[in-house]
Each structure stands twice: as structure tokens, then as C-alpha cells.
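A note on names: the letters A, B, ... follow the listed sequences, proteins ahead of strands, and every chain is numbered from 1. Source: prediction; values computed, not measured.
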Amino acid sequence: MRLSRYFLPVLKETPSEAQIVSHRYMLRAGMIKQQAAGIYSWLPLGFRVLARIEEIVHQEQVRAGHIPMLMPTIQPADLWQESGRYDAYGPEMLRIRDRHDRDMLYGPTNEEMITDIFRAHVESYKQLPMTLYHIQWKFRDEVRPRFGVMRGREFLMKDGYNFDVDKDAALHAYNRHMVSYLRTYERMGLKAIPMRADSGPIGGDDTHEFLVLASTGESEVFYDSAVTDLTLGNRAVDYADRAAVKAVCDEFTAPYARTDETHDEALFNALPEARRKVGRGIEVGQIFYFGTKYSEPMGAVVVNDQGQRVPVHMGSHGIGVSRLLGAIIEASHDDKGIIWPEGVTPFHCGIVNLKQGDGAADAACEGLYQALTAKGLAPLYDDRDERAGAKFATMDLIGLPWRITVGPRGLKNGVVELTSRRTGESEEMSPEAAVAKVAEIYTPHMAAN
RNA sequence: CGGGGCGUAGCGCAGCCUGGUAGCGCGGCGGUUUUGGGAACCGUAGGUCGUAGGUUCGAAUCCUAUCGCCCCGACCA
């Protein structure tokens with residue numbers, strides 16, 4: 001993309017409504033525009049990151065054997081009357097009446113609808129296990145939306161639902177989700193810790209939420225410092241292997257890690273003092289096993305291998321896709337702007353032309369642009385007729401992890417400069433070497449697809 | 001939903017107390033000189049002062065109502 005042809009309305013000054021860093025940078029980097037309290041338009045740059053995050057979520061869900069689909073945002077009220085949640089949900093649910101006076105609602109979640117779909121088409125245990133998911137906009141009419149996309153009323157969420165013949169199978173689905181979530185967050189450059197949680201209005205017995213440590217987080221968290229050393233890395237996990245999947249879950253849930261809701265002072269104090277950590281976290285996902293809570297009242301039953309009709313065991317699992325943008329920025333920024341992890345960056349590499357209109361510099365930038373594109377990478381070429389300082393400031397603000405700087409001075413020696421946004425370190429090399437280096441950096445991220 | 005604050009140009013703000021020609025900075029547009037970390041100068045466009053009533057000869061300013069937004073708390077992906 002050539003910046004002169006793009007729509008990137010960056011702001012020098014911070015809009016007054018933004019308090020926390022991710023909100024400020026998202027506004028300043030021209031990623032979002034607020035339309036009402038807790039409701040945002042996604043401008044091109046923000047949209048690219050959102051799409052990238054969505055893509056990673058899809059890839060990891062499909063890898064775990066889960067099946068993508070799409071349910072509507074607007075739902076009929078009768079499904080919710082059937083489960084009993086129409087009255088239970090309260091004013092957080094946006095209720096709508098259509099022209100025929102039918103009661104509708106803007107879905108805050110989809111347990112009822114997915115159960116309705118399941119019961120209409122699945123009758124035998126032979127069709128199980130099955131996990132269906134979608135990534136769709138939700139609306140929860142929060143009393144007090146805040147922190148930009150971190151607590152919006154409208155938000156994009158991945159929600160998945162597993163259907164299994166018995167509890168053991170459903171718990172395997174639970175574990176499978178835990179592992180797939182760990183991998184998802186790692187690919188986004190995040191350290192997300194699974195913590196035992198409260199089930200809230202969704203109900204159920206087993207539930208973990210995933211928290212990203214950040215001082216601006218909304219939840220107070222208590223954890224064993226050992227948990228932050230754990231990484232999934234590149235290890236291959238066979239999602240069909242119950243024992244292998246459970247082993248990973250056991251590893252990640254063994255160290256003490258809880259939110260204030262479930263915190264157990266006695267257990268926590270049993271840890272060596274040096275390992276006791278108290279901090280704040282941003283919740284970026286939650287998984288639940290809730291058994292037959294919905295399948296029983298809604299009649300989602302299958303015939304098991306004994307010929308008996310049994311309600312299916314279910315769980316649900318959510319990732320706050322739009323919230324993740326905020327969480328990633330909270331976890332990865334400095335005083336100049338955002339620092340995108342390679343996995344989610346909107347553009348792989350920035351190209352800064354220090355002297356637009358200089359024949360050699362223009363040609364070198366064009367060459368880099370073509371070469372990077374040919375490698376399957378998406379460069380952002382700042383070809384505006386701006387001074388160097390303005391271009392650097394823009395690049396730093398929008399946070400592309402790598403920048404190639406091209407100027408007449410370096411070109412005389414046949415070199416350009418490759419700079420890491422994270423460390424600020426620069427290295428001079430030939431344009432060809434810079435392209436090769438950037439391509440190499442992104443190889444693992446492209447391969448992960 | 002309780003408490004607090006704010007709505008004036010695209011963005012950040014002053015003006016309001018003490019009513020009398022609506023301002024400043026950034027940004028935009030045109031130009032000149034510049035050009036390796038948000039350049040300088042000149043010129044120029046842009047606002048029914050959130051909305052509706054009221055008081056007044058006259059309201060951004062005073063009064064009333066209303067809408068919107070932000071912050072703290074209680075609640076939530």
C-alpha cells in the first residue's frame with residue numbers, strides 16, 4: 001500500500017475522551033472512530049488488524065477440528081424464552097421489536113441459537129463430537145462502556161459450542177479449547193494466562209478465563225510467577241489425543257493463577273513469597289463446560305450407543321476478538337506509539353523514503369515495494385511529500401514492527417537501513433539483503449497459516 | 001444506576017464568573033524557502049457556540065428543560 005493513496009487519518013493530538021493508552025493510540029493512529037458510547041467504526045488500519053486477528057482465530061480453531069459457520073446478529077426472542085434467559089438476562093440485552101410487533105433481540109451470545117440448530121439436525125451420537133463456532137458481532141448494553149474497544153457495547157467475538165455424548169468427551173473439548181486458545185494468543189504475541197474463573201450468567205461448573213497481564217487491566221489477578229515462564233512454542237499437539245491435550249492443560253493450570261473472583265488466600269500464601277505476584281489483567285477469552293444446562297430445557301438430545309435418548313453435554317468458548325486489539329496495544333507500546341507483534345501487524349514492513357522526488361530514492365523504494373510484495377508480504381510505503389521526521393513519527397505511531405529507511409545518503413553506498421520498532425536498533429544493508437531479512441523474519445508467521 | 005465533569009472550526013482548547021463584532025494552536029488549501037526524527041514565513045477557507053424554550057434592546061455567556069460524551073464506583077467478553 002502506498003500511503004499517499006491510503007486512508008490513514010492520524011492525529012497529532014489526543015482526543016479528550018480517550019484515557020487509556022490503547023484507546024488513545026487507536027484514535028491517534030486512525031484505526032477507529034467512535035460513533036456512540038461503546039460503538040466504533042473500524043477505519044482501514046484498524047480493520048486490517050481486526051481481520052488479521054480474526055484470521056489467526058479461525059486458523060487455530062480449524063486446526064483444533066472446530067467447524068466455522070455464521071449465525072445472525074438479530075435473534076428471535078422465543079428461543080430465549082425457551083431457555084429461560086429472556087427474563088434472566090436483564091437490561092444488558094438490547095431488545096428490538098420488528099414491524100409485526102415480534103420481539104427480537106441483538107444477540108449478546110448464541111447458546112440458544114446454536115442449540116436450536118443442533119437439535120434440528122443432529123440425532124445420533126455417531127455425529128459427535130462436534131464443535132461449531134462463529135465470529136460475529138455481539139451487543140451487550142453495558143451500563144458504562146469505556147476504554148475504547150476494550151469495553152464496547154458492540155464487539156466482535158468468536159464464540160464456539162461443543163456437543164458431546166458424555167461429560168468426558170465434553171471435558172476433552174474443554175481441554176482442546178484451552179490448548180487452541182493458548183496457541184492463538186501466543187501467535188498474537190500475547191502472554192495470556194488461564195485462570196480459574198466464575199461462570200456468571202452462562203452457568204456451569206468448569207470455567208477458565210484467559211488474562212493478559214497489563215497494569216490497566218480491569219481484573220485483579222493473583223498468580224505464581226512460574227506461570228509466566230510457560231510457553232507452548234512450536235510443540236505439536238495432537239488434538240485428538242485426549243491424554244496429550246490434557247497434559248498441556250495440566251501444565252498450564254498447575255501453577256496458582258486466579259482472579260479476585262476465585263482467589264484463595266490460603267492457597268496463594270502457601271507459595272514461596274518470591275513467586276507470589278499480584279497484578280492486573282485484561283480478560284481476552286473464557287471457556288466453559290456447562291453440561292446439559294441448555295440441551296435439557298431445549299431438547300437437544302441424541303441417541304447413544306445403547307439406544308437411549310440423552311441430552312448432549314455442551315460447553316461454550318469465547319475470544320474477544322475486537323477487545324484483543326486493545327489488549328495487544330496495552331501489552332505492546334511505548335511513548336511513541338504502538339508496537340505490533342509480527343503476528344498481527346497490519347503491514348509487515350514500512351518503507352520510508354527520506355527524499356521523495358529524488359530519482360534514486362524513489363526508484364529504490366519502488367524496488368523494495370515490488371520485491372517485498374513478490375515475497376507475499378504487505379509493505380506500507382510512505383511516499384508522501386513529507387519531511388523525514390513526520391514520516392518517522394507516523395511509522396512509530398502506527399507501530400509496524402519493521403521499517404526500511406531509504407535516503408540518498410545511504411544509497412550512495414548502496415545501503416538502506418532496516419530498523420526494529422521494538423528495539424529501535426538499525427542495521428545498514430543492501431536493499432536485497434533487507435528484503436531477504438524481512439522475509440525471513442516473517443517466515444514462521446506465514447508458515448503458521 | 002449513584003457521584004463528578006464536559007459539549008465553542010476536523011483535533012486540542014480559550015472566551016462564560018462581570019451579556020455587547022466568536023478567538024488561539026494544530027490540521028486543511030495555495031505559495032516561497034526548506035528537507036536524515038512531527039520545518040519557517042506569507043496568504044486563505046472553515047463555526048446556526050449540542051438542542052429547545054425563557055429572561056433581555058441584545059445570549060456562547062444568565063435561567064429552565066433535554067440530548068450526548070467522559071471519569072470514579074457498583075456490574076460485565
- Item | Protein-nucleotide distance (Asp382(A), atom CG; rG37(B), atom P), rounded to Å | 15 Å

- rG38(B) C1' sits how many Å from Lys391(A) NZ, rounded? 13 Å

- Query: Does anything in residues 342-354 of chain A reach RNA chain B, meaning a heavy atom under 4.0 Å, and if so which residues?
  - Reply: Leu354(A)

- Identify whether any heavy atom of Gly424(A) sits under 4.0 Å from a base atom; if not, whether one sits that close to sugar-phosphate; answer base, sugar-phosphate or nothing. nothing

- Query: How many Å lie between CG on Asp396(A) and C1' on rG37(B), as a whole number?
  - Reply: 8 Å

- Note on the structure: Of the listed rC70(B), rG37(B), rG36(B), the closest approach to the Ala37(A) side chain comes from rC70(B)

- Task: May I ask you to say what Gly320(A) touches in the nucleic acid, namely base, sugar-phosphate or nothing, with a heavy-atom cut-off under 4.0 Å?
- Result: nothing

- Item | Sugar-phosphate only, base, or nothing, as touched by Ala18(A) at under 4.0 Å among non-hydrogen atoms | nothing

- Message: On the nucleotide rG38(B), are OP1 or OP2 found under 4.0 Å from the side-chain N or O atoms that Thr394(A) carries?
- Response: no

- Look at the rings of Phe268(A) and Phe222(A) and say which category their plane angle falls in: under 30° parallel, 30 to 60° tilted, over 60° perpendicular. perpendicular

- Note on the structure: Ranking rG38(B), rG12(B), rG36(B) by distance to the side chain of Ala390(A), first place goes to rG38(B)

- Query: Taking the C1' atom of each, how far is rU48(B) from rU34(B), in whole Å?
  - Reply: 42 Å

- In whole angstrom, give me the gap between the C1' atoms of rG27(B) and rG12(B). 11 Å

- Message: Looking at Gln356(A), I'd like to know whether one of its side-chain N or O atoms comes within less than 4.0 Å of OP1 or OP2 on rU35(B).
- Response: no

- When the C1' atoms of rA22(B) and rG31(B) are considered, how many whole Å apart are they? 28 Å

- Query: From rC71(B), rA77(B), rG38(B), pick the nucleotide closest to the side chain of Phe155(A)?
  - Reply: rA77(B)

- Query: Can you find a donor-acceptor N/O pair under 3.5 angstrom joining the side chain of Arg403(A) to the base of rG37(B)?
  - Reply: yes

- Consider the side chain of Gln19(A), meaning its heavy atoms from C-beta on, and name the nucleotide among rC70(B), rC1(B), rA77(B) that approaches it most closely. rC70(B)

- Message: Side chain of Leu397(A), heavy atoms from C-beta onward: which of rG12(B), rG38(B), rC71(B) has the nearest atom to it?
- Response: rG38(B)

- Would you call Arg97(A) and Asp103(A) a salt bridge, taking side-chain N to carboxylate O under 4.0 Å as the test? yes

- Residues that Tyr381(A) engages under ring-ring contact (aromatic ring centres under 6.0 Å, His included), provided they are two or more places apart: none

- Message: Taking any heavy-atom pair under 4.0 Å as a contact, classify Glu386(A): base, sugar-phosphate, or nothing.
- Response: nothing

- When rounded to the nearest 0.5 Å, the distance separating CD of Gln61(A) from CZ of Arg63(A) is 11.0 Å

- Item | Among rG38(B), rG36(B), rC70(B), the nucleotide that comes nearest once only the side chain of Arg28(A) is considered | rG38(B)

- Query: In whole angstroms, how far is the C1' atom of rG68(B) from the CZ atom of Arg153(A)?
  - Reply: 11 Å

- Item | P-based separation of rC49(B) from rU35(B) [nearest Å] | 46 Å

- Query: Should Arg280(A) and Glu220(A) count as an ion pair when the cut-off is N to O under 4.0 Å?
  - Reply: no

- Message: Using a 4.0 Å heavy-atom cut-off, does Gly318(A) contact any base of the nucleic acid, only the sugar-phosphate backbone, or nothing at all?
- Response: nothing

- Query: When you check the phosphate oxygens OP1 and OP2 of rG27(B), does a side-chain N or O of Lys12(A) lie under 4.0 Å from one of them?
  - Reply: yes

- Note on the structure: From OH of Tyr181(A) across to C1' of rA77(B) the rounded distance in Å is 10 Å

- Between Phe155(A) and Arg323(A), is there a cation-pi geometry (under 6.0 Å to ring centre, at most 45° from the normal)? no

- Message: Please report the distance separating the C1' of rA40(B) from the corresponding atom of rU8(B), rounded so that it comes out in whole Å.
- Response: 30 Å

- Message: What is the separation between atom CG on Asp385(A) and atom C1' on rU34(B), rounded to the nearest whole Å?
- Response: 11 Å

- From rA77(B), rG36(B), rG12(B), nucleotide with atom closest to Glu13(A) side chain: rG12(B)

- Message: Rounded to the nearest 0.5 Å, what separates atom CZ in Arg153(A) from atom CZ in Arg146(A)?
- Response: 13.5 Å

- Query: Any cation-pi pair here, Arg2(A) with Tyr369(A), using under 6.0 Å and within 45°?
  - Reply: yes

- Task: Establish, with yes or no, whether the OP1 or OP2 oxygen of rC70(B) is under 4.0 angstrom from a side-chain nitrogen or oxygen of Ser16(A).
- Result: no

- Check the distance between rA77(B)'s P and Tyr40(A)'s OH and give it to me in whole angstrom. 19 Å

- Query: Any side-chain N or O of Arg387(A) under 4.0 Å from OP1/OP2 of rA39(B)?
  - Reply: yes

- Query: What class does the angle between the rings of Tyr6(A) and Phe347(A) fall in, given that below 30° is parallel, 30 to 60° is tilted and above 60° is perpendicular?
  - Reply: perpendicular

